[in-house]
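Just below is one structure, and these are the notes that go with it.
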Amino acid sequence: MTTTSSSTSSNEVGVDDLRYRIRHSAAHVLAQAVQDLFPGTALGIGPPIENGFYYDFAVETPFTPEDLKRIEKRMKEIIKQGQRFERRVTTPTEAKAELAKEPFKLELIDVLTNAAVKTSSEITTDMAADIGGEELTIYDNVDPRTGERKWGDLCRGPHVETTKEIPAFALTRIAAAYWRGNEKNPQLQRIYGTAWESQEKLDEYLHLLVEAEKRDHRKLGAELDLFSFPEEIGSGLAVFHPKGGVVRKLMEDYSRERHEQAGYEFVYSPHVAKSRLFETSGHLQWFADGMYPPMQLDIERDADGETKRPAQDYYLKPMNCPFHTLIFRAKGRSYRELPLRLFEFGTVYRYEKSGVVHGLTRARGFTQDDAHIFCTPEQMPAELDSLLTFVLDLLRDYGLSDFYLEISTRDPSKSMGTDQEWAQATAALQYAAEKQNLPLTLDEGGAAFYGPKISVQAKDALGRSWQLSTIQVDFQLPQRFDLEYQDSDGTRKRPIMIHRALFGSMERFFAVLLEHYAGAFPPWLAPVQVVAIPVSKEHTPYLEDIVGRLRTQGVRAEIDDGDDRMQKKIRNAQTRKVPFMLIAGEQDASAGRVSFRYRDGTQDNGIAIDDAVERVLDAIRTRTQV
RNA sequence: GCCGACGUGGCGCAACUGGUAGCGCACUCGACUUGUAAUCGAGCGGUUCGGGGUUCAAGUCCCCGCGUCGGCUCCA
């Protein structure tokens with residue numbers, strides 16, 4: 001599942017937390033089991049993580065699922081022994097002698113004991129969790145009866161007292177991971193596991209995984225006939241089918257309506273542009289890796305085949321901002337026009353590495369609900385403030401309600417502009433974010449190349465966090481494009497640009513909603529809102545009248561007049577996750593009434609037709625879930 | 001991009017250590033006409049992702065592409 005990790009999750013573990021100790025200890029048991037079963041396996045690192053733990057190993061042949069079962073069995077034996085975790089302080093020299101056969105541990109000792117390196121970003125959080133500390137310590141696993149040392153690992157702890165205090169765990173998957181997270185380093189084999197303070201908690205977590213799999217938007221997308229990724233088009237490039245098209249159109253329509261009310265103006269821009277544009281914007285310098293290679297057009301040759309006029313490079317656009325700056329620049333601008341808010345559902349293309357493409361949440365072509373706000377420095381704080389409120393309100397209308405904010409700051413190695421500009425922009429964002437009274441976290445060095453950002457993270461029905469909206473302050477593009485407006489005193493000034501996308505991308509937001517609702521969209525978004533089911537054929541005309549009434553009111557209502565039995569029709573509507581089933585047989589028809597069945601199986605029988613129609617319309621109008 | 005797994009009719013799966021493909025759902029047709037999750041019967045549908053190779057014989061083995069999945073790195 002593609003979620004950003006959440007630091008406010010209830011699963012978060014602090015160093016002293018019981019779960020942290022259980023998971024860290026489980027990682028040690030895992031490593032001991034692996035070294036028992038596969039002698040000579042060198043160890044990487046094995047920290048606790050959200051919901052579990054992992055350990056990296058250097059092995060000749062990757063682990064198989066069968067190996068995993070054996071390892072799990074061995075771990076259970078170790079846990080049963082009740083080995084004690086014993087802390088032992090050591091020195092670099094001693095530790096190196098002891099761990100002479102562990103090349104990766106030797107490297108860690110060097111990194112840890114080298115003060116110059118220690119303060120740098122060389123040490124990742126996971127590494128620090130695993131081995132970092134003021135002094136070097138080794139944790140030994142000791143047989144409680146004989147006192148014999150069974151195993152040990154360079155580690156700062158803390159751990160549980162004995163392995164018996166690992167009440168419930170499971171190994172979940174095998175994967176490869178680069179040593180120290182750097183793709184230039186060798187790849188190790190990583191085993192992931194999950195561990196909890198009780199069997200119930202473990203079962204709960206495993207159930208959550210099953211639930212998440214059922215809700216997987218890629219699966220639901222096929223089942224509900226919403227979208228697909230035809231191989232012929234290319235990896236990461238989706239087509240929306242009619243049913244998915246309805247949902248997407250409704251999402252866009254409502255968004256448009258709200259943007260109109262909030263003072264945005266709609267613009268359109270093409271999908272390709274000459275290299276010059278992206279040179280000016282800085283994309284070719286800073287974002288080229290994420291762009292499709294150029295198309296070379298308009299080359300002219302003479303009779304000998306010699307080039308008379310060189311080719312022009314055209315690029316697919318990876319972002320909409322350069323185009324919007326050109327709209328701003330298309331004429332002289334006055335302070336009276338500011339803030340100028342330009343909105344576009346802009347489709348962009350990014351050359352994602354083949355291994356990262358993931359359904360609609362990580363596509364190579366996607367449509368941003370993108371806007372760029374050009375304003376004066378004085379207007380910026382108020383604009384950011386109202387913008388954040390607007391964002392959160394709109395997301396709530398789509399059924400999300402659990403948010404936290406994240407501020408991403410500059411990565412000096414991947415950005416342009418001056419420190420002062422970045423500081424000013426970051427401060428403005430910080431101020432706006434704090435006013436919202438939502439949890440706020442810091443993502444150091446996570447900003448785009450042109451400016452810092454606030455992102456709105458939303459949690460879905462399963463408690464998973466998704467990065468949705470981003471709001472970025474940008475001093476750079478106005479400079480690079482030499483944007484100006486004339487102020488009231490007649491002088492020319494440079495506007496500030498705010499980039500913002502609420503849904504991030506329509507495709508990703510579609511996927512988030514699909515998973516959030518497990519395919520059971522609220523009536524206002526449901527592709528089919530009502531299915532009418534006659535008990536027998538003779539009641540079809542009766543229901544046709546009602547369906548006709550609903551349709552004239554704009555309701556997406558159908559009648560199932562096929563040859564199936566009623567029970568089958570109910571099952572079909574249920575599988576399609578239609579919010580309202582309207583059923584009528586002799587009883588209802590003779591009384592001018594109709595019966596409801598909902599997706600959860602509840603029914604509400606004998607409702608007067610007027611009331612039934614109003615009930616449907618009301619749910620749609622108020623965007624409530626049924 | 002890297003490591004590993006995988007790729008069989010629209011979908012979900014089956015086919016022993018190589019002997020030219022079966023099932024369920026969906027779809028089409030026919031019969032049945034039934035108050036809250038699957039009526040019965042018949043039929044249509046696959047050059048087993050693409051291209052090469054090994055073999056008397058390849059869905060099964062080998063190579064190269066393309067794509068998917070789980071991670072790593074990266075990211076909306």
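Any value given below was found using the heavy atoms of this structure, including those in side chains, with hydrogens, waters and symmetry copies removed. In what follows, every chain begins at residue 1, and chains take the letters A, B, ... in the order their sequences are listed.
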Open item on the list: If you assign A/Ile583 and A/Ser536 each to the RNA chain B nucleotide with the nearest heavy atom, which residue ends up on the more 5' nucleotide?
Closed with: A/Ser536

Open item on the list: Heavy atoms from C-beta onward define the side chain here; which of B/rC72, B/rC2, B/rU33 lies closest to that of A/Asp563?
Closed with: B/rU33

TODO: Please determine, for the side chain of A/Gln574, which listed nucleotide (B/rC72, B/rC75, B/rA37) has the closest atom?
DONE: B/rA37

Open item on the list: At 4.0 Å (heavy atoms only), tell me whether A/Glu507 reaches a base, stays on the sugar-phosphate, or touches nothing.
Closed with: nothing

- [ ] Verify the contact: side-chain N or O of A/Arg173 to OP1 or OP2 of B/rG71, cut-off strictly under 4.0 Å; return yes or no.
- [x] yes

Open item on the list: Would A/Phe366 count as stacking on B/rA76 if stacking means ring centres less than 5.5 angstrom apart and planes tilted under 30 degrees?
Closed with: yes

Task: Side-chain donor-acceptor pair present, A/Trp179, A/Glu107, cut-off under 3.5 Å - done: yes

Open item on the list: Mind checking if A/Tyr598 touches a base, just sugar-phosphate, or nothing, with heavy atoms under 4.0 Å?
Closed with: nothing

Task: Between C1' of B/rG4 and CD of A/Gln187, the distance in whole Å - done: 9 Å

Open item on the list: Looking at A/Arg190, I'd like to know whether one of its side-chain N or O atoms comes within less than 4.0 Å of OP1 or OP2 on B/rC2.
Closed with: no

- [ ] Indicate, with a heavy-atom threshold strictly under 4.0 Å, whether A/Thr575 touches base, sugar-phosphate, or nothing.
- [x] nothing

TODO: Describe the nucleic acid contact of A/Gln189 in one word from base, sugar-phosphate, nothing, applying a heavy-atom distance below 4.0 Å.
DONE: sugar-phosphate

- [ ] Output yes when at least one side-chain N/O atom of A/Thr470 is less than 4.0 Å from OP1 or OP2 of B/rA76, else no.
- [x] no

Open item on the list: If I pick the P atom on B/rG41 and the same atom on B/rG24, what distance separates them, to the nearest angstrom?
Closed with: 10 Å

Task: Presence of salt bridge, A/Asp460 and A/Arg215, under 4.0 angstrom - done: no

TODO: Identify whether any heavy atom of A/Ala363 sits under 4.0 Å from a base atom; if not, whether one sits that close to sugar-phosphate; answer base, sugar-phosphate or nothing.
DONE: base

TODO: Step through it carefully: locate the ring centre of A/Phe596, locate the ring centre of A/Tyr598, and say whether they are under 6.0 Å apart.
DONE: yes

Task: Separation of atom CZ in A/Phe57 from atom P in B/rC72, rounded to whole Å - done: 16 Å

Open item on the list: Please determine whether a side-chain nitrogen or oxygen atom of A/His358 lies at a distance below 4.0 Å from atom OP1 or OP2 of B/rG70.
Closed with: yes

TODO: Write down the distance separating the C1' atoms in B/rU33 and B/rG70, rounded off to the nearest Å.
DONE: 50 Å

TODO: Ignoring backbone atoms, test whether A/Arg362 places a side-chain nitrogen or oxygen under 4.0 Å from the OP1 or OP2 oxygen of B/rA76.
DONE: no

Task: Ring centres under 6.0 angstrom apart (A/Phe510, A/Phe240) - done: yes

TODO: For A/Ser354, report the nucleic acid contact type (base, sugar-phosphate, nothing); a contact means any heavy atom under 4.0 Å.
DONE: base

Open item on the list: Taking the minimum atom-to-atom distance to the side chain of A/Arg218, which one of B/rC3, B/rU73, B/rG70 wins?
Closed with: B/rG70

- [ ] Could you state the atom-to-atom distance from CD of A/Gln457 to P of B/rC75 in whole Å?
- [x] 14 Å

Open item on the list: Classify A/Lys453 by what it touches in the nucleic acid, base, sugar-phosphate, or nothing, heavy-atom distance under 4.0 Å.
Closed with: sugar-phosphate

- [ ] Name the nucleic acid region contacted by A/Gly606, choosing base, sugar-phosphate or nothing; use a 4.0 angstrom heavy-atom cut-off, strictly under.
- [x] nothing

- [ ] Quote, to the nearest angstrom, the P distance that separates B/rG35 from B/rG22.
- [x] 40 Å

TODO: Would you please indicate yes or no on a ring centroid separation below 6.0 angstrom for A/Tyr254 and A/Tyr398?
DONE: yes

Task: Of the listed nucleotides B/rG1, B/rA76, B/rG7, the one nearest the side chain of A/Glu231 - done: B/rG7

Open item on the list: Using a heavy-atom cut-off of 4.0 Å across all strands, would you classify A/Gly355 as base, sugar-phosphate, or nothing?
Closed with: base

Open item on the list: OP1 or OP2 of B/rU68 versus the side-chain N and O atoms of A/Ser235: is any pair under 4.0 Å?
Closed with: yes

Open item on the list: Classify A/Gln368 by what it touches in the nucleic acid, base, sugar-phosphate, or nothing, heavy-atom distance under 4.0 Å.
Closed with: nothing

TODO: Could you check whether A/Asn572 gets within reach of a base, just the sugar-phosphate, or nothing at all, counting any heavy atom under 4.0 Å?
DONE: nothing

Task: Euclidean distance for P, B/rG43 against B/rA37 (whole angstrom) - done: 32 Å

- [ ] Answer with yes or no after comparing the ring centroid distance for A/His499 and A/Tyr450 against a 6.0 Å cut-off, counting only values under it.
- [x] yes

Task: Salt bridge present between A/Asp561 and A/Lys537 (N-O < 4.0 angstrom) - done: no

TODO: Pick the P atom in B/rU20 and in B/rA31, then give their distance to the nearest Å.
DONE: 40 Å

- [ ] Examine B/rA37: is either OP1 or OP2 under 4.0 Å from a nitrogen or oxygen in the side chain of A/Arg599? Give yes or no.
- [x] no

- [ ] Could you tell me whether A/Glu211 and A/Lys214 have a side-chain N and a carboxylate O separated by less than 4.0 Å?
- [x] yes

Open item on the list: Applying a 4.0 Å non-hydrogen cut-off, can you work out what A/Phe229 is touching in the nucleic acid: base, sugar-phosphate, or nothing?
Closed with: nothing

TODO: Using the P atom as the reference point in each nucleotide, state the distance between B/rC62 and B/rU55 in Å, no decimals.
DONE: 16 Å

Open item on the list: Over all strands shown, is A/Asp588 touching base, sugar-phosphate only, or nothing at heavy-atom distances under 4.0 angstrom?
Closed with: base

Open item on the list: With a cut-off of less than 4.0 Å, is there a side-chain N or O of A/Tyr351 near OP1 or OP2 of B/rG1?
Closed with: yes

Open item on the list: Could you tell me how far B/rU60 sits from B/rU48 if I compare only their C1' atoms? Round to whole Å.
Closed with: 10 Å

Open item on the list: Would you say A/Lys568 places a side-chain N or O within less than 4.0 Å of OP1 or OP2 belonging to B/rA26?
Closed with: yes

Open item on the list: Taking the P atom in each of B/rG46 and B/rG30, what is the distance between them to the nearest angstrom?
Closed with: 23 Å

